[in-house]
Amino acid sequence: MSARPAEAAPPIRTRGIVRENRPEGSYWRLTLSVADFTRFAPGQFVMLSPGAELAAPRTDPLLPRPMAVYRARAAEGAGCEVEVLYKVTGRGTALLSSARPPEAVAVVGPLGRGFPLPPPGTRGLVVGGGTGIASLYELAARASARGDVRVLLGARSARDLEIARDFAALPLRLRLATEDGSRGRTGLVTELLAEELATSDPLLVYACGPTPMMRRAAEMAAAAGQGCLVSLENPMACGFGVCLGCAAPLREGGFALVCRDGPVFEAARVEWENLA
Amino acid sequence: MSARPAEAAPPIRTRGIVRENRPEGSYWRLTLSVADFTRFAPGQFVMLSPGAELAAPRTDPLLPRPMAVYRARAAEGAGCEVEVLYKVTGRGTALLSSARPPEAVAVVGPLGRGFPLPPPGTRGLVVGGGTGIASLYELAARASARGDVRVLLGARSARDLEIARDFAALPLRLRLATEDGSRGRTGLVTELLAEELATSDPLLVYACGPTPMMRRAAEMAAAAGQGCLVSLENPMACGFGVCLGCAAPLREGGFALVCRDGPVFEAARVEWENLA
Amino acid sequence: MSARAPLAPDRVDARVNLGGIALRNPVLTASGTFGYGTEFAPFLDLRRLGGIVSKSLTVAPRTGNLPARIAETASGMLNAIGLENVGVEAFVREKLPALHPDVVVVASVFGTEMEHYAQVCARLEGEPRVAGFEINASCPHVKSGGIEFGQRADVLAELVRTVRRAARKPLLVKLSPNVTSIAEMARVCEGEGADGLSLVNTLQALDVDVETRRPLLRNVLGGLSGPAIRPVALRMVFQASHAVKIPICGIGGIETAEDAIKFLLCGATAVQVGTANYRNPAVAGEIADGIRAHAARHGFARVADLVGALEVPGV
Amino acid sequence: MSARAPLAPDRVDARVNLGGIALRNPVLTASGTFGYGTEFAPFLDLRRLGGIVSKSLTVAPRTGNLPARIAETASGMLNAIGLENVGVEAFVREKLPALHPDVVVVASVFGTEMEHYAQVCARLEGEPRVAGFEINASCPHVKSGGIEFGQRADVLAELVRTVRRAARKPLLVKLSPNVTSIAEMARVCEGEGADGLSLVNTLQALDVDVETRRPLLRNVLGGLSGPAIRPVALRMVFQASHAVKIPICGIGGIETAEDAIKFLLCGATAVQVGTANYRNPAVAGEIADGIRAHAARHGFARVADLVGALEVPGV
Ligand SMILES: Cc1cc2nc3c(=O)[nH]c(=O)nc-3n(C[C@H](O)[C@H](O)[C@H](O)COP(=O)(O)OP(=O)(O)OC[C@H]3O[C@@H](n4cnc5c(N)ncnc54)[C@H](O)[C@@H]3O)c2cc1C
Ligand SMILES: Cc1cc2nc3c(=O)[nH]c(=O)nc-3n(C[C@H](O)[C@H](O)[C@H](O)COP(=O)(O)OP(=O)(O)OC[C@H]3O[C@@H](n4cnc5c(N)ncnc54)[C@H](O)[C@@H]3O)c2cc1C
Ligand SMILES: Cc1cc2nc3c(=O)[nH]c(=O)nc-3n(C[C@H](O)[C@H](O)[C@H](O)COP(=O)(O)O)c2cc1C
Ligand SMILES: Cc1cc2nc3c(=O)[nH]c(=O)nc-3n(C[C@H](O)[C@H](O)[C@H](O)COP(=O)(O)O)c2cc1C
Ligand code: FES
Ligand code: FES
């Protein structure tokens, strides 16, 4: 496997003005306009304040939340519009869902090393589930503009896959699976992956989602002799390599920092057992 | 002096839905609709959460903020509309100013013992400044419906007295003073008080505002042989007599709890020196 | 984590026994944050609680410190009330009778000398409405001419010994968190015959007004309480529960049923709710209900089975 | 409070001297929260700071604890990183040269045995880029087979003595807050020749996931930092500054210039910014500017004149 994660653009700290923030199936879609951002690599992330910054600072919740850049486009004038797709899973994301235009959210980014595009002649096999789907759209969009891409998305039920419509609008093959059968194949996304791996074409698997799903995808890709990249979601305090809080254990020994060395890693390097 | 502070209605804990929250001169006017409140005595207060309660609880700022009931009227259906007039002086009030309809604010109240109305034949002399003005409107309204009332309001400048328009709509004599002369008499409100005290009519002075102002008013009333009630603004944690945090030292020795025994006190009982 | 099948909440037995004090559920309210109980009547039926702990009582009534006595800090508050209380006599004559007979009352006891503690307990021994004593061995903000009773092992031992002689009722000792080793202090109390421990009291602290350049509290130093201290309190309960066999009442920053359950898992048999009562005077009842619901959802038929059920990973 | 006439900010002399380390302003960044400095280049010109304190360095590189290593608490966070660091050699060869020569660097030093501390200092003695040492005597989360160096006066004394012999550069000792008497520990360090004190390190703490019934950190115990601990840290700085004459560097929950000034008023000559760097990587620079502005507004021509300027009311 030769793909090397893309280099990161230098991060800055700035404010994102909430343009839109609304529920979409089981996700929320937050659109921020950020005056001084320019470019992101697919799979890069930002650290967002846990909720809008109102008329006075609060210290609870304290830490910023890592969120993938779902989609970014140059805004009219300068800067860009950044879309974040998130699930409300705790206090920080719940407070984020209370943010309304034109409140401001503190943003640090772009951070981390994102996904490299598939090398020429290699098919990209993008496998997503849960909040992991948010890390994959920009990759799917850019890769499908250049070459052959298939996207496999899995979820509990149809409500979790309303978001698939964005992927459906791209020039790629999209396959869905839900556990309750309410949309696409009944079952796990890894069952779709098994079918896609039954080929001798060169593939590069990109997986992002719940740890068991990524781990299984990694094992299947390895068994099929195909490359696999995963994007890890570890708790983070800083997002830029100074707190050492996000360390992921490596099979070669020692740790990598998910925020600085990742979040994208070659799956074969990850020591899944102790990932937390 | 015989006036005894009015008895308090039993307090409850409930939610106030923000109907309106907008700046008015140097104050903000917050209108809450509270389903299960019915009646307030003038000078009573509520404890409000420091800012709206959003989709998840936050513990900073921690404590509720005491705020006088500026005005309350029965709402259509049940409950009532409570108006609070506040100044942004710190984090809690700044966050309160970020609250927007239809967000909810936690409310405990009505609390404390409010102002008794002037006894028959006694003129009410209502002296207000700063945030203290908010404690006096309901008193002025009810007292002026029954008898002779004069209201003296003082402030730095005209911007602080936009609120006087509410008082001007009442059947009472209103006199204003500003330090910069931008509205009413140039000078301190106590200068107006001195003039009003030059009478042999029986008076009851009601003062609420910055401590030096209340203290001075109390001294002047005492020298003139007239009664004086003040409404104290001590920091509070609970508002209903259990934390013992709001204690005000008394001239007779010991302490009174501002939240439970007050906030309205006979001025002569207050040991101003150690009020904090 | 062993999965268990959920139960109906009414099938959960919430009772616990705190060193001889039988409680209908593990939620008490903390000394000094709940007045004498009656103040909460408008908000909460006290019979929903495991019990209440009185404001710390002294032999004679005490007046407190000059203001300012309280201040807000990040997710916490400081207080230096000065142990103002009505005194043990007024407590017996006025406060106790005002409470419904089904409310379990623990009397918090304090004195500036050891004998005073014993006197207060002796006065309350014959009071059937007092279920037990909680010795306040830790008061960082009263100038008793030195360090806290609960900060030196030998002093604490002597205090517990002195009080134990006067007290036949269940005796809890409330520990100061301002110590190097909470385990040592816990063992000292167990050794002197305490029936249980309450921890923690407030962390000694200070805050400043940068505009006036004065301390926020007139007393300069005060006690820090509230959610800010919860992780420190949890650690101390965990350490103390591994050091002694007597039951522990966990205190510090409890705002929700989840917070309370953290203390149970770390080894507390019961908990006390303090500062949270100010934000929400009905919160202690909500926490009691929430613990039952949590136990049911996780398939624990007895809340007592949650006590010490923390699963510590092998390293 | 004595009123003074405001000054222009550029007329304020912000320099302070921290036990022989000359700083252009009193704001440093705290060990373990600022990496090796270079990571902040995108956000902040490090020359705006008084200085930076490195991640604690050991003789050999160290790998850290298994995850989870961090968790969020009310206005704070827990960490149990496990003192992962590149080791003193890589620090000298790779990290130091990457910093602009005008950046003042204090090397934080750690070891599991006293001799290791001395070895690290000895290796750095000849390094002109190292302005001084900060001895990390308090690490509640590394299983060194017992209690922290900084929790026992005799152990701490021996540690400082051992290191002092190896270190001619200015020597700061960073104290643990997990002690009964911070004043005693401060005096011990002064007695053994320390040039200054840094306080506080993190408060030992614990938090729990009630759904899985496991500690949030793999290491079970961790260190609490952030705004939650600020009032405790202020109290300790206040007490230590009254106990010793050597200068103090105040640490704990500093998020704003106001917070930093509170520490100065309580007797700290300088401060360190820790957890706040995560929320806002430019914050240390903003705090440095804010202190100057505050001093100017209050008419202090020298920031050093704010040190210990707390006005304590008579009672
Ligand atoms: C690189 C990266 C990219 C991510 N991208 C997305 C995204 O695009 N959309 C999305 O919905 N989520 C994403 N996540 C997960 C997201 O960060 C968490 O869902 C979020 O932090 C939860 O915060 P909370 O306050 O709601 O939960 P709480 O449980 O209240 O949070 C408590 C603490 O744990 C941390 N935490 C909890 N869950 C996670 C998690 N799964 N991953 C990391 N930290 C966690 C929080 O950041 C916080 O510090 C990403 C995570 C990483 C590391
Ligand atoms: C009975 C009573 C009625 C009041 N009515 C009004 C009113 O109608 N309108 C209005 O604008 N203000 C009123 N106040 C004052 C109001 O409570 C404070 O302005 C407010 O608490 C400041 O909060 P903050 O977070 O903005 O300030 P911060 O300074 O950030 O607050 C920090 C802490 O100090 C307390 N505090 C600060 N200033 C005061 C103060 N002046 N009085 C009491 N506590 C204070 C806060 O409650 C909080 O606990 C009243 C106070 C009392 C006691
Ligand atoms: C205003 C106030 C007064 C207190 N008074 C007492 C007291 O009299 N006796 C006592 O043992 N503890 C007293 N405490 C400590 C509490 O009982 C409790 O131990 C501490 O506040 C920590 O719990 P919390 O974080 O839930 O408040 C007081 C706490 C506060 C905030
Ligand atoms: C993630 C993390 C790692 C830390 N690592 C170290 C360290 O290596 N050495 C040290 O002396 N202190 C370390 N500390 C403690 C800080 O230097 C500081 O003393 C503490 O966090 C309190 O300050 P704060 O509240 O501003 O963060 C660390 C703190 C955090 C949060
Ligand atoms: S999140 Fe801080 S080092 Fe990765
Ligand atoms: S505010 Fe708590 S007793 Fe008055």
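Proteins come first, then strands; the chains are lettered A, B, ... in the order of their sequence lines, and each starts at number 1.
Interface remark: B/Ser97 contributes side-chain atoms only to the contact with chain A (heavy atom separation under 4.5 Å).
Within the model, atoms CZ of B/Arg100 and OG of A/Ser98 stand 10.5 Å from one another, a figure rounded to the nearest 0.5 Å. How far CG of B/Leu54 is from CG of A/Leu95: 6.0 Å, rounded to the nearest 0.5 Å.
Ranked by heavy-atom pairs shorter than 4.5 Å toward chain B, the options A/Ala52, A/Ala55, A/Pro50 are led by A/Ala55.
Nearest heavy atom pair, residue A/Pro61 against residue B/Arg58, reads CD-NE, 3.6 Å.
Other residues, nucleotides and ligands place no more than 12 heavy atoms under 6.0 Å from the CZ atom of A/Arg156. No more than 12 heavy atoms of other residues, nucleotides or ligands lie within 6.0 Å of CZ in B/Arg15, so this atom counts as exposed by the packing criterion.
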